[in-house]
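Reviewing the structure listed below.
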Amino acid sequence: MISTTTPSIEGKTIIEYKGIVFGEVVAGVNVIKDFAAGLSNFFGGRSTTYEDELIQARQSALAEMEQRAAQLGANAVVGVDIDYEVLGSDNGMLMVTASGTAVVVK
């Protein structure tokens with residue numbers, strides 16, 4: 001499955017549009033991760049705890065989007081966009097949404 005942020009794929013011709021597809025992931029951040037991130041904040045440096053959570057959520061959202069495209073009979077997704085939001089009363093949840101247009105290319 002080819003996924004790209006561009007509206008077309010170089011060297012390929014879009015022969016059919018299947019529709020817009022989405023992949024959504026809502027991930028909670030637990031107390032241990034908050035504690036580890038707090039230490040990074042206090043001592044300085046990058047919070048690999050949160051970075052790893054963000055990477056995993058993004059990869060899962062993209063995989064879900066591609067799976068939904070495949071279910072429609074597509075072999076590519078163009079115009080991919082990824083959005084991030086924090087949710088919950090204490091902003092303890094991270095939502096990642098991947099969207100794009102499922103297409104058939106040859």
Side-chain angles (χ1 to χ4, degrees):
M1 176 75 60
I2 299 170
S3 292
T4 180
T5 58
T6 59
S8 61
I9 301 169
E10 188 173 342
K12 304 279 186 184
T13 302
I14 296 174
I15 59 172
E16 186 177 358
Y17 289 85
K18 295 292 191 170
I20 300 170
V21 287
F22 295 89
E24 302 93 1
V25 172
V26 177
V29 181
N30 64 33
V31 175
I32 295 170
K33 289 180 183 177
D34 277 344
F35 178 73
L39 290 176
S40 293
N41 187 37
F42 182 76
F43 292 110
R46 295 171 61 165
S47 173
T48 56
T49 305
Y50 281 144
E51 287 176 1
D52 291 345
E53 186 73 30
L54 187 60
I55 290 167
Q56 180 61 40
R58 182 176 57 242
Q59 289 173 341
S60 295
L62 286 167
E64 183 175 297
M65 179 195 68
E66 290 173 350
Q67 179 184 15
R68 290 180 177 164
Q71 289 171 346
L72 294 175
N75 62 357
V77 182
V78 295
V80 174
D81 182 51
I82 301 173
D83 293 310
Y84 303 90
E85 286 290 331
V86 288
L87 305 172
S89 58
D90 61 350
N91 292 331
M93 304 290 284
L94 170 68
M95 179 176 71
V96 180
T97 304
S99 61
T101 303
V103 297
V104 177
V105 296
K106 70 171 193 160

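Given the structure is predicted, the values throughout are model-derived calculations rather than measurements.
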- More than 12 heavy atoms of other residues, nucleotides or ligands under 6.0 Å from OH of Y17: is that the case?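 Counting neighbours around OH of Y17, 12 or fewer heavy atoms of other residues, nucleotides or ligands fall under 6.0 Å, so no.
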- Without swapping roles, check the side chain of T6 against the backbone of S8 for a donor-acceptor pair under 3.5 Å.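 Between the backbone of S8 and the side chain of T6 there is a qualifying donor-acceptor contact (under 3.5 Å).
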Would [X] and [Y] show up in the same hydrophobic cluster when neighbours are defined by side-chain heavy atoms closer than 4.5 Å?
X: V86; Y: M95; result: no
X: V80; Y: V21; result: yes
X: L94; Y: I82; result: yes

Under 3.5 Å, sequence neighbours excluded: what are the donor-acceptor pairs made by side chains of residues 61-73?
residue, atom, partner, partner atom, Å
E64, OE2, E24, N, 3.0
E64, OE2, R68, NH1, 3.3
E64, OE2, R68, NH2, 3.1
E66, OE2, S3, OG, 2.6
R68, NH1, F22, O, 2.9
R68, NH1, E24, OE1, 3.1

Give the minimum heavy-atom separation between [X] and [Y], together with the two atoms involved.
X: A76; Y: I9; answer: CB-CD1, 3.7 Å
X: M1; Y: N75; answer: SD-C, 3.5 Å
X: V103; Y: A74; answer: O-CB, 3.2 Å

Find the distance between [atom1] ([X]) and [atom2] ([Y]) and round it off to the nearest 0.5 Å.
X: I14; Y: E16; atom1: CD1; atom2: CD; answer: 11.5 Å
X: T5; Y: D81; atom1: OG1; atom2: CG; answer: 9.0 Å
X: K18; Y: T101; atom1: NZ; atom2: OG1; answer: 13.5 Å

